[in-house]
Student: 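Quick one: the structure is below, questions incoming.
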Amino acid sequence: MSHTLLFSAPATRRSLLSLAISLTICANAPAWAQSQTTSASEDESITLDAVTVTAQAGKTPTTEGTESYTTDVMSTATRLSLPIRHTPQSVSVVTRQMIDDMALESITDVVNITTGVTSKAFDSSRSGFSARGFDITNLQVDGVPTTWSSGWAAGETEMDTLIYDRVEIVRGATGLVTGTGNPSAAINLVRKRADSKAFTGSVTGQAGSWDRRQGTLDVSGALNERGSVRGRVVGSYLEEDSFVDLAANEKSVLFGTLGIDLTDSTLLNLGASYQSNDPTASMWGGLPVWFSDGSRTDWSRSKTTAADWAEWASEQTSYYANVEHRFDSGTKLYAAYSRSINEGDLRLVFLSGAPDRVTGQGLSASPTWYDVKREQDNLDLYATTPFEFGGQAHEVTVGLMHSKQTLVTDNRPPLSRPATGNYYQWDGSYQQPEWGPSTTYTTQDTEQLGAYAVARLRLADPLQLILGSRISNWDTSGMKWDKSRYEFEHDKELTPYAGLIYDINDQYSAYVSYSEIFNPQDYQDSNGDYLDPLEGQNYEAGLKAEYFGGRLNAALALFRIEQDNLAQPDAGQTVPGGIGQAYYPAQGTTSNGYEIELSGALSDNWNLLVGWAQFSAKDAEGEYVNTRFPRRTANLFSTYRINRLTLGAGVNWEDSNYTRANNPLGQAEKLEQEAYALVNVMARYQLSDALSAQLNIDNLLDKTYYSQIGFYNQQAFGAPRQSKLTVKYSF
């Protein structure tokens, strides 16, 4: 990227000229590569003719401060820093500007506006994500995957977006980097960095529906005179009620990071983050679907099954350090260590069964208290080097990843089970039982070691081949609820990857790619045994385009997924101990479909995100699988700036989805959420260069819909119309 400045006016201080040149050159350059400036005596006066200063800066994926709906490069798919047009898979990047414009508070909010990716809420504190008809089973932070299971969720899907620069989503299998080639998608949360040498930041206050109150501070700057040590602190505190009776939440977020230039070519990043979710009256599951006579219920959106003492509280703590060194030859070395700790305090009551239509009697209460702790340590090492061969420039990356995760759940049994009474009169005053002593309920230790290599080979000027493979060892052992032990391991599992990109011209590219699927599963059958890993293949072909110098990206992707051992709900069966739904492995599953996305800027004042995705997933017998995921989805959001006023609007639409379950009379029924659309709008006014006010209204038309239907044979409502007013002061 080139930056040019023209100076023709007289200047009174050479130091001011040097500073201006330095700041402009360094605006998009890495901190450790910024140019040095010179100074002169303060009383020196000079007059300059027109001078042109040009600096070449490499493309950067950082989106903060760009006001963009796209990015220059990304690396989630292959670890190679590639433009979106040269990444041979279907990808989306949710930039910092998108997050701010749409007021996307959590990773779940990000998923809900992303092309081809959907979320379903299991209850008030858990969500599940999907793409192309399959569950998304890991989240990445700075490229390092973390797996979790919804049954033992400890805030993973409630992570706040405040500390992230962007979210990169790669649809399709990504086993080359992650080790588990899940054919759905990889969601990579990329942290903010301490890049600024100048003291800068913002203070934000927000108020909204259901007594929402939030304050946020984000400050960064140099910590020494040279600016070789930079710091950044981000903090936030939130209090809010809910559209659901009794429910409320408090959330605290704190993030600190240092950027240290060890040399002109070596950058060290250190950081830590903490998030606390402290909800009140948390629900476990949803609302009853049927009355005892088999007829359907019709609850209000505010109805709850929670006790006033119930909570699904969670804390997430992470520490990380990474160092990157660049040689004059272009070779880059990267090493990172991270540790994450997720803890959950699950003191809940589960209401099961079907109430009598007249008396409201008949629900059974299952109070329970679980403590969850998931710890993961990660080591990530890789080297990237360019080389020339046959008159063409190429690039190769080799890497090693090691992760170890420990999950421990403790249980405190209730010593009594008070009756629920008339559910029509349920007000959350259900008596909290006396609890027994805490004992270890389950354990699980998972260790993964993987080595990979990937090369970008330019076969000819318009033709590139990306070729790679990974070899992984995966070991899991633990204890079940009944104290029985289990252990399984997968050694030397090979996950190949190949992509071919053809540049039709300077704007358009065509690609094909192939990747294999290998994904150990956390699902259990009705005997309590874990299902065999998912195995299969992922095929993809598509067209991509860049417009306006890369400010606008467009893509069309066609895909086919073939796999065995897909976990499907085993109707009416639970895992022994009653802790969750039992599953069976479906064989010969295929998913076919396509995705279209356009994201970026149509002009200096007009940003746009629009996407469409659809698929058809069936098993070997031609029966539809994972019908709880919508087959077709569409998303649209656009903003237009008129002087100091920015107006935005969008819509998220999804097709119908359903599950099958038995009603209280033992009859099979189809529980369906019909197709629906949610309309969202925003307006921001720049009161001054430093002060802005923004209003967001979600679900403008107040559409009533289910965020999930069928989980535990229950249903949960999505949020009604809500608004947020944000006032931000930047300095």
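Every heavy atom of this structure was used, including side-chain atoms; hydrogens, water molecules and symmetry mates were not. Positions are given from 1, in the same order as the sequence printed here. Everything quoted here is computed from the prediction, not taken from an experiment.
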Student: Under 3.5 Å, is there a donor-acceptor pair linking the side chains of Asp218 and Ser202?
Tutor: no
Student: Can you name the ring pair (Phe, Tyr, Trp, His ring centres under 6.0 Å) partners of Phe548, sequence neighbours left out?
Tutor: none
Student: Is a donor on one side and an acceptor on the other found under 3.5 Å between the side chain of Thr87 and the backbone of Pro83?
Tutor: yes
Student: If you apply the rule salt bridge (charged side-chain N to carboxylate O under 4.0 Å, His left out), what do you find for Arg644 with Asp689, and how did you get there?
Tutor: CA-CA 9 Å; Arg644 290 181 174 268; Asp689 291 343; 3.7 Å; yes
Student: So, Tyr508 and Tyr547: side-chain donor and acceptor under 3.5 Å apart, yes or no?
Tutor: yes
Student: When you compare the side chains of Tyr511 and Glu540, does any donor N or O come within less than 3.5 Å of an acceptor on the partner?
Tutor: yes
Student: Would you say the side-chain atoms of Arg684 and Gln694 include a donor-acceptor pair closer than 3.5 Å?
Tutor: yes
Student: Quick check with a 6.0 Å cut-off and a 45 degree axis cone: is Arg171 positioned over the face of Phe559's six-membered ring?
Tutor: no
Student: Ser509 and Arg85: side-chain donor and acceptor closer than 3.5 Å?
Tutor: yes
Student: Hydrogens and angles aside, do Thr118 and Glu654 bring a side-chain donor and acceptor to less than 3.5 Å of each other?
Tutor: no
Student: Could you check whether Arg456 and Thr397, counting side-chain N and O atoms only, form a donor-acceptor pair closer than 3.5 Å?
Tutor: no
Student: Would Arg191 pass as a cation-pi partner of Phe255, given that its NZ or CZ must be under 6.0 Å from the six-membered ring centre and within 45 degrees of the axis?
Tutor: no
Student: Establish, from distance only, whether the side-chain atoms of Tyr497 and Ser513 form a donor-acceptor pair under 3.5 Å.
Tutor: no
